[in-house]
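Atom set for the values below is all heavy atoms of this structure, side chains included, hydrogens, waters and symmetry mates excluded.
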Amino acid sequence: MPIYEFHCQACARDFEELVRRRDEKVACPACGSSRVKKLLSGFAVTGEARQGGGGGSCGHCKPKAGGCKGCSCH
(Lines give C-alpha, C1' and ligand atoms only; values in the text may rest on other atoms or scores of the structure.)
Protein backbone atom coordinates (compact mmCIF):
# COMPACT_ATOMS: atom_id res chain seq x y z
CA MET A 1 0.00 0.00 0.00
CA PRO A 2 1.82 3.07 -1.22
CA ILE A 3 1.87 6.46 0.43
CA TYR A 4 1.29 9.27 -2.05
CA GLU A 5 1.81 13.01 -1.77
CA PHE A 6 -1.11 15.27 -2.68
CA HIS A 7 -1.75 19.01 -3.06
CA CYS A 8 -5.15 20.41 -2.10
CA GLN A 9 -6.37 22.87 -4.71
CA ALA A 10 -8.86 24.36 -2.23
CA CYS A 11 -6.58 25.29 0.68
CA ALA A 12 -3.13 24.91 -1.01
CA ARG A 13 -1.80 22.42 1.56
CA ASP A 14 0.42 19.45 0.73
CA PHE A 15 -0.20 16.17 2.55
CA GLU A 16 0.55 12.44 2.40
CA GLU A 17 -2.07 9.74 2.24
CA LEU A 18 -1.98 5.94 2.34
CA VAL A 19 -3.92 4.77 -0.72
CA ARG A 20 -5.15 1.19 -0.63
CA ARG A 21 -6.85 1.06 -4.04
CA ARG A 22 -6.25 2.94 -7.26
CA ASP A 23 -9.87 4.15 -7.42
CA GLU A 24 -9.97 5.31 -3.77
CA LYS A 25 -11.17 8.89 -3.30
CA VAL A 26 -8.77 11.12 -1.35
CA ALA A 27 -9.83 14.18 0.64
CA CYS A 28 -7.68 16.88 2.20
CA PRO A 29 -7.32 16.27 5.96
CA ALA A 30 -7.19 20.03 6.63
CA CYS A 31 -10.31 21.25 4.81
CA GLY A 32 -12.05 18.07 3.63
CA SER A 33 -12.01 19.05 -0.04
CA SER A 34 -11.81 16.30 -2.66
CA ARG A 35 -10.14 18.73 -5.11
CA VAL A 36 -6.70 17.20 -4.67
CA LYS A 37 -3.92 16.54 -7.13
CA LYS A 38 -1.41 13.71 -6.77
CA LEU A 39 2.16 15.05 -6.80
CA LEU A 40 5.10 13.46 -8.49
CA SER A 41 7.26 12.19 -5.66
CA GLY A 42 10.94 11.47 -5.69
CA PHE A 43 12.58 8.89 -3.49
CA ALA A 44 15.54 9.16 -1.22
CA VAL A 45 18.70 7.14 -1.64
CA THR A 46 21.27 7.22 1.11
CA GLY A 47 24.94 7.36 0.35
CA GLU A 48 25.41 3.89 1.75
CA ALA A 49 22.75 2.42 -0.55
CA ARG A 50 24.21 4.18 -3.57
CA GLN A 51 27.61 2.66 -2.87
CA GLY A 52 26.28 -0.88 -2.64
CA GLY A 53 25.46 -1.12 1.06
CA GLY A 54 28.99 -0.92 2.34
CA GLY A 55 30.52 -3.92 0.62
CA GLY A 56 30.95 -5.65 -2.70
CA SER A 57 30.16 -3.90 -5.93
CA CYS A 58 28.42 -0.53 -6.21
CA GLY A 59 26.49 -1.73 -9.25
CA HIS A 60 28.39 0.56 -11.63
CA CYS A 61 31.41 -1.68 -11.98
CA LYS A 62 32.10 -5.38 -12.12
CA PRO A 63 32.55 -7.16 -8.80
CA LYS A 64 36.18 -7.94 -8.10
CA ALA A 65 38.24 -8.86 -5.11
CA GLY A 66 38.01 -6.07 -2.58
CA GLY A 67 34.82 -4.52 -3.98
CA CYS A 68 34.79 -1.54 -6.32
CA LYS A 69 37.58 0.56 -4.86
CA GLY A 70 39.00 1.42 -8.27
CA CYS A 71 35.83 2.62 -9.97
CA SER A 72 34.87 6.24 -10.58
CA CYS A 73 31.92 6.04 -8.14
CA HIS A 74 34.19 6.70 -5.15
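Nearest heavy atoms, F6 versus V36: CD2-CG2, 4.0 Å. Smallest separation of non-hydrogen atoms from V19 and V26: CG2-CG2, 4.2 Å. When all heavy atoms are compared, the tightest approach of E24 to L18 is OE2-O, 4.2 Å. Across all their heavy atoms, E16 and I3 have their closest contact at CB-CG2, 3.8 Å.
Distance check: E5 CD to K37 NZ gives 13.5 Å after rounding to the nearest 0.5 Å. Taken from SG in C28 to CZ in R13, the straight-line distance is 7.0 Å, to the nearest 0.5 Å.
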